[in-house]
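Whatever order the structure lists them in is the order used to number ligands and atoms, beginning at 1.
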Amino acid sequence: MKKIIITGGCGFIGSHIVEYFFHKYKESKIIVLDKITYAANVNNLINIKKSKRLKIIKKDILDFNILKYVTKKADLVIHAAAESHVDNSFQLNDDFVLTNVLGTKNVMQACKENKVKKIIHVSTDEIYGEIFKGSFNEKNRFNPSNPYSSSKAAAEMIVNGYIHSYNLPVIIVRANNIFGTRQHPEKLISGCCWSFIKNRKFTIHGKGIQKRTFLYVGDFCKALDVLIKKGKLYEAYNVGSTFEYKNIEIVKLIARINNKNLKKNIQYVKDRPFNDFRYSVNYSKLKKLGWKPKIKVEEKLLEINEWYINNIKRFNKRFE
Ligand SMILES: NC(=O)c1ccc[n+]([C@@H]2O[C@H](COP(=O)([O-])OP(=O)(O)OC[C@H]3O[C@@H](n4cnc5c(N)ncnc54)[C@H](O)[C@@H]3O)[C@@H](O)[C@H]2O)c1
């Protein structure tokens with residue numbers, strides 16, 4: 001692969017994907033197209049930023065002309081740009097529809113016009129909605145339950161249209177909760193590390209008994225690599241783990257690392273308008289291609305917490 005485009009490559013997951021592909025495919029040039037929203041930071045790519053093999057273009061995927069220009073002769077496009085935070089989506093922020101739906105249409109259209117050879121569309125398990133027992137497979141119906149997941153489900157419908165109408169060579173990836181360094185401190189693990197490091201109380205929605213399975217971002221990058229090599233075009237793949245935790249269990253683990261008394265350092269707040277009780281995906285389709293998740297939350301929490309200690313200033317402006 002000579003030319004790889006990664007949208008949203010300065011965000012949490014996107015930057016890990018960029019680094020992974022940068023090191024794995026040494027013959028490839030990587031172009032990142034990113035609007036650099038509040039959730040992104042070019043310094044997420046600090047270790048490789050100066051390389052001639054990497055180019056960061058600060059542009060919006062709503063700008064079709066730039067997408068058309070950038071995807072020319074691309075061998076692979078990984079579309080990870082999105083508005084990603086469920087809580088923000090409850091404010092009925094138009095960016096969720098604009099970026100996640102219209103932006104995805106632009107990415108697909110540019111890829112179609114430039115006959116891009118392979119496209120990975122990064123979706124989410126939240127398109128299935130909640131499940132109390134068992135796991136969803138790729139054939140289960142969409143049942144999104146918040147504005148974020150609805151916009152991601154709508155994006156998939158757009159992608160589906162391009163697959164069926166034009167045989168656009170897309171593989172859809174539906175991942176469960178992903179964890180690692182560089183996540184904006186608005187999500188469970190990142191927010192909890194940030195609060196305890198700043199000696200703030202961490203707020204928990206409801207009673208903290210919602211369950212989530214967590215996938216390490218490095219395992220996710222490996223899954224993308226397997227799918228690029230062995231995944232079937234035009235199909236969707238769940239990417240997940242069986243490492244399931246209640247929200248409160250994750251908070252307990254982070255409190256222990258930071259020597260915080262749990263009772264004194266958390267504050268329970270009214271739950272979201274709707275908070276899915278549990279998400280879970282069956283990833284046996286991907287497992288058959290030789291991938292499985294390896295890393296549990298406990299194995300990486302110290303490193304993640306350390307990253308927030310070392311980068312705490314980055315977030316001061318937004319949260320003070
Ligand atoms: N975080 C998770 O647990 C998780 C789980 C499953 C799927 N996903 C999906 O993975 C992808 C990446 O999520 P993340 O957690 O890294 O999110 P993030 O918010 O950290 O990063 C999103 C990136 O997209 C960029 N972006 C936003 N709007 C843009 C626009 N209009 N034009 C160009 N760039 C734009 C941002 O600047 C940022 O760099 C998203 O598609 C998300 O839906 C995330």
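- For ligand 1, the atoms lying closer than 4.0 Å to a non-hydrogen atom of A175 are 6 (C).
- Between D34 and ligand 1 there is a heavy-atom distance shorter than 4.0 Å.
- A salt bridge is absent between D75 and K118: the closest approach of a Lys/Arg side-chain nitrogen to an acidic carboxylate oxygen does not fall below 4.0 angstrom.
- Inter-residue side-chain proximity for I4 and I31 is flagged as unmet; no heavy-atom pair is nearer than 4.5 Å.
- If you number the atoms of ligand 1 from 1 as listed, the ones under 4.0 Å from a heavy atom of A40 come out as 37 (O), 38 (C), 39 (O).
- Using a distance-only test at 3.5 Å, with no hydrogens or angles considered, a donor-acceptor pair links the side chain of N146 to the main chain of S149.
- Below 4.0 Å from some heavy atom of N177 lie the following atoms of ligand 1, by number and element: 3 (O).
- Remark: ligand 1 and E83 share no N or O pair separated by less than 3.5 Å (distance only, no angle test).
- Atoms of ligand 1 found under 4.0 Å from any heavy atom of A80 (numbered from 1 in listed order, with element): 11 (C), 12 (C), 40 (C), 41 (O).
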(request) Give the intermediate values and the outcome of side-chain hydrogen bond (donor to acceptor under 3.5 Å, both in side chains) for residues N177 and K187. (result) CA-CA 10 Å; N177 260 25; K187 312 256 163 72; over 6 Å; no
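- Salt-bridge formation is detected for the pair E156/R174: a Lys NZ or Arg NE/NH1/NH2 atom is positioned less than 4.0 Å from an Asp or Glu carboxylate oxygen.
- Ring-centre distance between W291 and Y283: below the 6.0 Å cut-off.
- F179 does not count as a contact of ligand 1, since none of its heavy atoms falls under 4.0 Å from the ligand.
- Close approach of ligand 1 to S84 is summarised as follows: ligand atoms under 4.0 Å from at least one heavy atom of the residue are 17 (O), 18 (P), 19 (O).
- Put simply, no part of G103 is less than 4.0 Å from ligand 1, judged by heavy atoms.
- Heavy atoms of Y279 found under 4.0 angstrom from ligand 1: none, in either backbone or side chain.
- Heavy-atom distances between S123 and ligand 1 reach below 4.0 Å in at least one pair.
- Ring centroids of Y128 and Y279 are separated by 6.0 Å or more, keeping the two rings apart.
- Across A82, G11, A39, heavy-atom proximity to atom 24 (O) of ligand 1 is greatest for A82.
- At a 4.0 Å cut-off, not a single heavy atom of R182 sits close enough to ligand 1 to count as contact.
- Under a 4.0 Å criterion applied to the non-hydrogen atoms of Y148, ligand 1 contributes the atoms 42 (C), 43 (O).
- Once rounded to the nearest 0.5 Å, the distance linking CG of N311 with SG of C193 reads 12.0 Å.
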(request) Any chance you could lay out the side-chain hydrogen bond (donor to acceptor under 3.5 Å, both in side chains) test for K133 and S280, step after step, and finish with the verdict? (result) CA-CA 8 Å; K133 270 188 183 168; S280 182; over 6 Å; no
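- For N176, the heavy-atom gap to ligand 1 drops under 4.0 angstrom.
- Inclusion of T124 in the set of residues having an N or O under 3.5 Å from an N or O of ligand 1 is not warranted.
- Scanning the protein heavy atoms around atom 13 (O) of ligand 1, the nearest turns out to be I13 CD1, 3.7 Å.
- Close N/O approach between K152 and ligand 1 is found [any backbone or side-chain N/O within under 3.5 Å].
- Taking every heavy atom of T37 and a limit of under 4.0 angstrom, the matching atoms of ligand 1 come to 27 (C), 28 (N), 36 (C), 37 (O).
- For ligand 1, the atoms lying closer than 4.0 Å to a non-hydrogen atom of Q183 are 1 (N).
- Annotation: side chain of I266 is in contact with side chain of V251 (closest heavy-atom distance under 4.5 Å).
- No donor-acceptor distance shorter than 3.5 angstrom exists from the side chain of N100 to the backbone of S151, with no hydrogens or angles considered.
- For a threshold of 3.5 Å applied to N or O pairs, the pair formed by I61 and ligand 1 contains at least one separation below that value.
- Contacts with ligand 1 closer than 4.0 Å are made by backbone heavy atoms (N, CA, C, O) of I36 only, the side chain lying farther away.
- Ring centers of Y148 and H85: at least 6.0 Å apart, outside the cut-off.
- Contacts of E126 with ligand 1, taken as heavy-atom pairs under 4.0 Å, are absent altogether.
- For the pair K68 and E113, the salt-bridge criterion is met [side-chain N within less than 4.0 Å of a carboxylate O].
- Ion pairing between a basic and an acidic side chain is recognised when a charged N comes within 4.0 Å of a carboxylate O; R278 and E244 show such pairing.
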